[in-house]
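Heads up, the thing below is written out as structure tokens.
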Amino acid sequence: MKLLAGNWKMNNSLEEGADLMEAIVEGLSAQVVGDVRVVVAPPFLQLPQIVHGLWENAHIAVAAQNGHAAEGGAYTGEVSMAMLRDAEVDAVILGHSERRQFFGETDQDVADKVKAALKHQLIPIVCVGEVLAQRQAGTYLEDVWAQLHTALNGLSGDSLSDCVIAYEPIWAIGTGEVATPAQAQEMHAYLRAQLKATFGADDMSIVYGGSCKPSNAEEIFAQPDVDGGLIGGASLVADDFIALVKLLNQA
Ligand code: 13P
């Protein structure tokens, strides 16, 4: 499945978020979208207005940027998967490198969140990726697989087909430095083969993230094992996001 997701991160007021969504919805006719699954991931407080504004538009799914693994209780400041589902959210980004780097999330935390998300019928968008030192040391394939293996541990091939994997090399996030199409393809093909060999999962979407924009996406999306993108900066510019959907549809 082709998938393009916009991770809005911690940006925009309610009004700005609504304006951005309106511009995106306007630009995404059924023809532009084609067979691409389009997802937007606004900050928590913007989720209700984005979900409800979209009732008329079946082409766009809504994701949260995080969720807590526990069902509920004394977890000040957190939002549970059940609450996200109750708010009619479709998916949840889990294990983003910024969550790992700034909030100390471990692979095991991500694994717990993936299970909780699946339990509440949310599509987990599971993020993995290496730092520059791991790439330079030549251990990036094994290192990223170790992250993903732990995050998905204990799941069946069937439940994995409800998950999306996002490969986001940390050295490419927000830096303007994008992985080459060959680097993306190498990692995606490796992860796909490992997922099949380990879990028997062979129909998972694996998307690329990290400084992906209309000027560099065409070649990346053309790679056989790249099923789409998880977009940060360029997802905040409606025209760029729409252009990326078009490029993916044509890929
Ligand atoms: P940028 O596209 O801004 O590099 O961010 C990528 C990302 O982190 C998406 O989750």
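Note that the numbering runs from 1 along the sequence shown for the chain. Whatever order the structure lists ligands and atoms in, that order sets their numbers, starting from 1. The basis for the numbers below is simple: all heavy atoms, side chains too, and nothing from hydrogens, waters or symmetry mates.
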Report task. Pull out every atom of ligand 1 sitting under 4.0 Å from any heavy atom of E168, numbered as shown with elements. Result -> 6 (C), 7 (C), 8 (O), 9 (C), 10 (O)
**Report entry** Whether S211 lies under 4.0 Å from ligand 1, heavy atom
**Finding:** yes
Query raised in the report: How does A172 reach ligand 1, by side chain, by backbone, by both or by neither, if only non-hydrogen atoms under 4.0 Å count?
Result: backbone
Query - Sub-3.5 Å N/O-N/O distance, G174 and ligand 1 - result: yes
Query - Contact (N/O only, under 3.5 Å) between G232 and ligand 1 - result: yes
Report summary line: Sorted by chain and residue number, the salt bridge (Lys or Arg N to Asp or Glu O under 4.0 Å) partners of D109 (sequence neighbours excluded) come out as none
Query raised in the report: Side chains of Y208 and L230: does their closest heavy-atom pair fall under 4.5 Å?
Result: no
Report task. Measure the acute angle between the ring planes of W145 and F199, then classify it against the limits of 30° and 60° as parallel, tilted or perpendicular. Result -> perpendicular
**Report entry** Contact partition for N7 relative to ligand 1, non-hydrogen atoms under 4.0 Å
**Finding:** side chain
**Report entry** Donor on one side chain, acceptor on other, Q46 and W8, under 3.5 Å
**Finding:** no
Query raised in the report: Which of the numbered atoms in ligand 1 are below 4.0 angstrom from a heavy atom of G210?
Result: 4 (O), 6 (C)
Query raised in the report: So is K9 close enough to ligand 1, meaning a heavy atom under 4.0 angstrom away?
Result: yes
**Report entry** Over 12 foreign heavy atoms within 6.0 Å of CD, E218
**Finding:** no
Query - Beyond-backbone contact of F44 with M10, side-chain heavy atoms, under 4.5 angstrom - result: no
Requested in this report: Please confirm whether G233 comes within less than 3.5 Å of ligand 1 when only nitrogen or oxygen atoms on both sides are compared.
Outcome: yes
Requested in this report: Evaluate the criterion side-chain hydrogen bond (donor to acceptor under 3.5 Å, both in side chains) for residue pair H188 and Q223; output intermediate values, then yes/no.
Outcome: CA-CA 9 Å; H188 284 225; Q223 301 306 306; over 6 Å; no
